[in-house]
Number of protein chains: 2
Amino acid sequence: MVTITIKDVAALAGVSVATTSRVLSGNPATSADARSRVHAAAAELDYHPNAQARALRSTRTHAIGLLVPDVRNPFFADLAHTVEQAALVHGFATLLGNANERKDQQDRYLDNLIARRVDGIIVAPLGDGSGSIRSVVGREIPAVFIDRTIEGIDLPSVTTDSDTGIREAVDHLAALGHTRIGYIAGPQSTSTGRERYASFVRAAGDRGLSLDPALIVFGDFQAESGSTAVRTLLALNEPPTALLVADSPMAIGAIGAIQRLGLRIGTDVALVSFDDIDWLALLDPPVSVIAHSVADMGRIAVDMLRTVIDGGAPESVRLPSRLIVRASSATPIDPGRSR
Amino acid sequence: MVTITIKDVAALAGVSVATTSRVLSGNPATSADARSRVHAAAAELDYHPNAQARALRSTRTHAIGLLVPDVRNPFFADLAHTVEQAALVHGFATLLGNANERKDQQDRYLDNLIARRVDGIIVAPLGDGSGSIRSVVGREIPAVFIDRTIEGIDLPSVTTDSDTGIREAVDHLAALGHTRIGYIAGPQSTSTGRERYASFVRAAGDRGLSLDPALIVFGDFQAESGSTAVRTLLALNEPPTALLVADSPMAIGAIGAIQRLGLRIGTDVALVSFDDIDWLALLDPPVSVIAHSVADMGRIAVDMLRTVIDGGAPESVRLPSRLIVRASSATPIDPGRSR
DNA sequence: CTGAAAGCGCTTACAG
DNA sequence: CTGAAAGCGCTTACAG
């Protein structure tokens with residue numbers, strides 16, 4: 001590798017390293033002459049300052065870390081996109097890490113971000129408060145939670161209030177005559193998994209729907225577990241007539257499994273999914289979803305993180321969720337059906 | 001922020017900084033006693049070595065940069081996932097950047113990766129060979145192209161041979177009786193956009209199909225442009241009876257637009273999309289696709305990059321593509337139709 | 001406005 | 001096996 005340092009630039013420009021540094025960092029205490037010579041030299045040599053050396057002295061890296069549990073989940077891909085764009089506006093580069101829904105990989109990335117001395121971290125965490133997330137808090141590294149939180153770890157967060165959306169979905173399905181709703185839950189090691197599960201149980205209870213434990217299957221927020229859950233639920237003696245799925249990757253798995261069983265969503269079994277993902281609206285029939293705003297979430301997280309970096313203590317934000325009814329759950333249950 | 005340095009660890013362990021460094025980096029020239037004391041001290045202080053300082057001396061960061069044009073494109077999300085997992089196996093952390101299909105953002109991330117002195121870069125590039133990609137080559141930073149290439153920039157690459165898949169798709173549609181195939185092309189500023197376009201024109205010519213220029217619309221590989229293209233194509237006096245779409249985000253846009261026009265894919269208009277994405281198989285009817293292996297591509301790119309980092313000069317690899325026929329293009333064209 | 005010098009947190013020959 | 005010292009590429013008071 002060819003390495004050009006500030007010394008090379010200084011030599012070519014015929015000024016000291018100190019002056020070169022000042023010009024390059026926009027320090028006004030420089031002469032017009034020095035400025036033009038340094039810029040010319042830097043351009044000629046295609047000089048790229050070593051960010052590591054720079055950060056070592058100035059303790060600012062102008063980079064933030066974003067750790068998502070699963071980049072292949074369209075919700076988090078969207079989130080990565082909005083965070084990145086928002087961060088860019090404020091001069092931060094985003095280092096994106098993918099925990100792959102695994103605690104060990106999350107810890108590994110977190111250690112990496114700490115070691116790289118990013119200016120701040122936005123994380124959609126999984127697991128309990130053990131491991132590297134402790135180090136982040138202990139070292140007082142600016143950090144905010146996004147989408148998910150960890151109980152007992154006191155960081156500002158921007159999350160979705162799943163309760164309203166789930167309640168609307170349960171009410172909606174109950175109004176259509178469903179009394180046995182199957183729930184494909186997220187992992188209970190995540191705050192969203194736990195909250196949505198609790199909301200479902202509460203809403204179903206309030207409506208007097210069946211709380212048969214067999215109607216609830218726990219997945220891991222990834223597609224395969226959605227398929228498995230459907231096979232389990234639809235094989236019950238008294239199968240559910242409607243399904244509520246806690247995220248879109250599990251919904252994709254669930255819908256695939258339903259089709260492979262020769263059944264049709266909307267008519268044979270109603271289905272509502274969390275996450276308003278493009279393709280869910282394109283399916284036939286289009287899928288009812290519980291929507292929340294990815295764009296707001298990303299933007300707010302970046303703003304909150306900037307506040308923390310600047311020494312502030314922002315309030316946590318809770319964003320609303322709401323039901324969008326589409327044909328996958330629009331038909332009242334057939335009173336003539338045996339179920 | 002709380003900052004623990006190697007000095008603190010050395011002081012607590014009662015040894016020199018040099019010895020501490022040796023223990024921490026696994027240098028065998030250390031006594032058992034020193035090792036246990038240093039490890040204990042490091043654990044007690046929750047010491048995380050400063051990666052910047054370390055890299056400044058050792059010129060290895062154990063990080064690679066991955067630059068994708070669009071994280072929201074499921075193909076690149078999958079690619080990011082496989083690259084990341086493959087890199088992790090070899091001890092590299094992946095810094096993922098998203099160019100958002102924009103040259104300026106690509107340059108910005110590239111500069112950032114150069115400044116961070118990553119050990120190597122994997123990039124699915126866009127644009128011509130101007131800008132920061134020149135700096136990467138000029139500085140001889142280990143780098144490989146993935147999925148896309150840039151003409152005139154001599155880097156090893158792993159790409160898809162789109163030609164076979166596209167030819168299969170055109171042959172297949174021709175065999176069903178289609179003579180006017182609409183082609184929704186990718187941007188001609190990308191190698192994949194250009195190659196697939198050229199393949200289509202060649203294959204259509206070979207089959208004696210219509211080469212009416214109005215049948216070809218150029219999109220930007222993102223969803224919105226797929227919708228626009230469909231509205232243009234289906235408004236023609238002689239609209240196409242089949243559509244071939246150069247990537248999955250444009251396909252999602254196209255399919256949505258077709259539905260909004262009250263038409264059905266498979267019956268009213270046949271459709272084949274590049275990229276074998278989960279949800280395309282779930283649509284009704286399921287969508288025929290041209291598949292290529294994301295998993296192979298990611299793994300090979302990481303292997304190639306490691307070879308370059310170790311001073312080697314790997315051969316470029318071209319992966320096959322092939323047609324998967326599903327119901328969106330399974331019905332022979334109705335000979336009674338006026339078109 | 002400019003330069004010499006110290007120092008950021010590490011690693012690594014060099015002696016011993 | 002261990003420590004003192006130099007140095008990686010920068011930035012930043014300190015003098016002038």
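Throughout, protein chains are lettered first and strands after them, A, B, ... in sequence-line order, and every chain is numbered starting at 1.
- By the 6.0 Å contact criterion, CZ on Arg318(A) is enclosed, its count of non-hydrogen atoms from other residues, nucleotides or ligands being greater than 12.
- Under a cut-off of 6.0 angstrom, the local environment of CG in Asp310(B) is crowded, with over 12 non-hydrogen atoms contributed by other residues, nucleotides or ligands.
- Contact annotation: Thr30(B) does not reach the phosphate of dT2(D) (side-chain N/O to OP1 or OP2, under 4.0 Å).
- Contact between Ser316(B) and Leu155(B) at its shortest, heavy atoms only, is OG-O, 4.3 Å.
- The shortest distance between side-chain heavy atoms of Pro156(A) and Phe145(A) does not fall below 4.5 Å.
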(request) Would you sketch DNA chain C in dot-bracket for me? Only Watson-Crick or G-U wobble pairs with both distances under 3.5 Å count, crossing pairs as [ ], other-strand pairs as |, the rest as dots. (result) |||.||||||||.|||
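- Side-chain atoms of Asp128(B) and Ser130(B) include a donor-acceptor pair closer than 3.5 Å.
- At distances below 3.5 Å, at least one donor-acceptor pair connects side-chain atoms of Gln52(B) with backbone N or O atoms of Arg116(A).
- Within 6.0 Å of CZ on Arg35(A) lie more than 12 heavy atoms contributed by other residues, nucleotides or ligands.
- Ser16(A) has no side-chain polar atom (N or O) that falls below the 4.0 Å cut-off from OP1 or OP2 of dT2(C).
- Across the protein-nucleic acid pair, Asn27(A) atom CG and dT11(D) atom P stand 11 Å apart, rounded to whole Å.
- When all heavy atoms are compared, the tightest approach of Val71(A) to Ala77(B) is O-CB, 3.7 Å.
- Nucleotides dT12(C) and dG16(C) have their C1' atoms positioned 16 Å apart, rounded to a whole Å.
- As judged by a 4.0 angstrom heavy-atom cut-off over every strand, Ala55(A) is placed among residues making no nucleic acid contact.
- Using a 4.0 Å cut-off, no side-chain N or O of Ser31(B) falls inside it from OP1 or OP2 of dC1(D).
- When all heavy atoms of Glu84(B) and Asn98(A) are compared, the pair lying nearest together is OE1-CB, 2.8 Å.
- Using a 4.5 Å heavy-atom cutoff, the side chains of Phe75(A) and Met297(A) are in contact.
- Of all non-hydrogen atoms in Gly138(A) and Val2(B), the two that sit nearest each other are O-CG2, 3.7 Å.
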Review item, nucleotides 13-16 of chain C N/O atoms under 3.5 Å of protein N/O:
unit_1: dA13(C); atom_1: N6; unit_2: Arg22(B); atom_2: NH2; d: 2.9

What N/O pairs connect the protein and nucleotides 7-10 of chain C at under 3.5 Å? Give each pair on its own line.
unit_1: dG7(C); atom_1: N2; unit_2: Arg57(A); atom_2: NE; d: 3.3
unit_1: dG7(C); atom_1: N2; unit_2: Arg57(A); atom_2: NH1; d: 3.3
unit_1: dG7(C); atom_1: N3; unit_2: Arg57(A); atom_2: NH1; d: 3.3
unit_1: dG9(C); atom_1: N2; unit_2: Ala53(B); atom_2: O; d: 3.3
unit_1: dC10(C); atom_1: OP1; unit_2: Tyr47(B); atom_2: OH; d: 2.8
unit_1: dC10(C); atom_1: OP1; unit_2: Asn50(B); atom_2: N; d: 3.3
unit_1: dC10(C); atom_1: OP2; unit_2: Ile6(B); atom_2: N; d: 2.7
unit_1: dC10(C); atom_1: OP2; unit_2: Tyr47(B); atom_2: OH; d: 3.4
unit_1: dC10(C); atom_1: O5'; unit_2: Tyr47(B); atom_2: OH; d: 3.0

